[in-house]
Amino acid sequence: MVDEWTSMAKICDGLRDPVRIAMVGKYTGLSDSYLSVLKALLHASFACHRKLVVDWVPSVDLEDNTKKASPDVYEAAWNLLKGANGVLVPGGFGDRGIQGKILAAKYARENDVPFLGICLGMQIAVIEFARNVMNLQDANSTEFDCDTKNPLVILMPEGSKTHMGGTMRLGLRRTYFHVKGCKSAKLYGNVKYVDERHRHRYEVNPDFVPKLERSGLAFVGKDESGRRMEILELPSHPYYVGVQFHPEFKSRPTKPSAVFLGLIAASCGQLDALLKPQGRENPFAAKVATSISLAVTKVYQNGHMTCMTNASYYANDNGVHA
Ligand SMILES: NC(=O)CC[C@H](N)C(=O)O
């Protein structure tokens, strides 16, 4: 067992080339709030043989109000965002910092920077696209503006709308791929469907989907009814993916989450190699497999992956900071 730990630690210690991910969220001072997301980033970075560096960007700091009140803070936040190889907008609730997340999604979309939006991160990507590509200036989620004339994201409880308890859509749900050959389908191994975990109330308004799709946003994964949007992609972008579910919860050291792996691979120039059909002619796939099998035997100890903290990301106290 010690040998296994030693060989894994060696691989971790040997990782030198960084991959910088800007995490644009609300609770960036409390990194434990995003612990599963961090672990998923780490699993994917390890598979790509990159040392993960997470740049925490408080989304409010990207907003115009901060520019007026604290120009230095504003500039520092934008410098972090612009210095990153990839951008991640995680899940969240409530309207504080929403504008900053929308600005981060716009920046990634317009500058071909790899982007992954999770749950709220997918919803704000849709709002951003509607506002800036489709010119629907007041596009919003009814979570933030219940009177918006363009409700791109709406409450879609599965149960009663009047019964206030239990309106959250929770747990494992199935997503069917609708577009063969899209990036996320390839990353998941060209399966017909995936089961991922959910935790949300609001969803993309299905009435706007035809317009969004005509404008270039592809909803490549949907639930069995076809009414709930689960995965979006911008086919014209190197890697712009939004998921309504939480893929971080199923990521494992031996099996990084497909969409996280896509983000990291795209952020360090490995996505094309990763998406090539697997086989002898795909050395990257072989390399990933080797690194994982070498490194991750029995990584769990009391439910924690304690061995990977020193080389794959910078740790400070309880959290992860760059
Ligand atoms: N987990 C989340 O990101 C939730 C997103 C959004 N607040 C919703 O309820 O749908």
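Every number for a ligand or one of its atoms is a count from 1 in the order of the listing. If you're wondering where the values come from, they're calculated on a predicted model, not measured in any experiment.
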Taking only Lys NZ, Arg NE, NH1 and NH2, and the carboxylate oxygens of Asp or Glu, determine whether E203 and R228 approach each other closer than 4.0 Å.
yes
Protein residue, atom and distance nearest to [atom], heavy-atom basis:
| atom | result |
| --- | --- |
| atom 5 (C) of ligand 1 | G92 O, 3.3 Å |
| atom 10 (O) of ligand 1 | Y202 N, 2.7 Å |
| atom 1 (N) of ligand 1 | R199 O, 2.8 Å |
| atom 2 (C) of ligand 1 | C119 SG, 3.0 Å |
| atom 6 (C) of ligand 1 | E143 OE1, 3.3 Å |

Residue pair D223 / S225, side-chain donor-acceptor N/O under 3.5 Å:
yes
Contact (N/O only, under 3.5 Å) between G94 and ligand 1:
no
Polar contacts were defined as any N/O atom of the residue lying under 3.5 Å from an N/O atom of the ligand; does this apply to L120 and ligand 1?
yes
Quick one: look at M168 and ligand 1, take heavy-atom pairs under 4.0 Å, and tell me if it's side chain, backbone, both or neither.
neither
Please could you name the atoms of ligand 1 that [X] approaches to less than 4.0 Å, counting only its heavy atoms?
| X | answer |
| --- | --- |
| R201 | 8 (C), 9 (O), 10 (O) |
| F93 | 1 (N), 2 (C), 4 (C), 7 (N), 9 (O) |
| H246 | 1 (N) |
| G91 | 3 (O) |

Are there more than 12 heavy atoms of other residues, nucleotides or ligands under 6.0 Å from atom NZ of K67?
no
Check whether any side-chain heavy atom of [X] lies under 4.5 Å from a side-chain heavy atom of [Y], and answer yes or no.
| X | Y | result |
| --- | --- | --- |
| Y188 | E196 | yes |
| P151 | N140 | no |
| L81 | V24 | yes |

May I have the step-by-step check of ring pair (Phe, Tyr, Trp, His ring centres under 6.0 Å) for H246 and F249, ending in yes or no?
CA-CA 6 Å; H246 288 269; F249 293 142; 5.4 Å; yes
Take the angle between the ring planes of F46 and H49 and call it parallel below 30°, perpendicular above 60°, tilted in between.
parallel
Is a donor on one side and an acceptor on the other found under 3.5 Å between the side chain of Q244 and the backbone of M122?
no
Against ligand 1, does E203 come closer than 4.0 Å with any heavy atom?
no
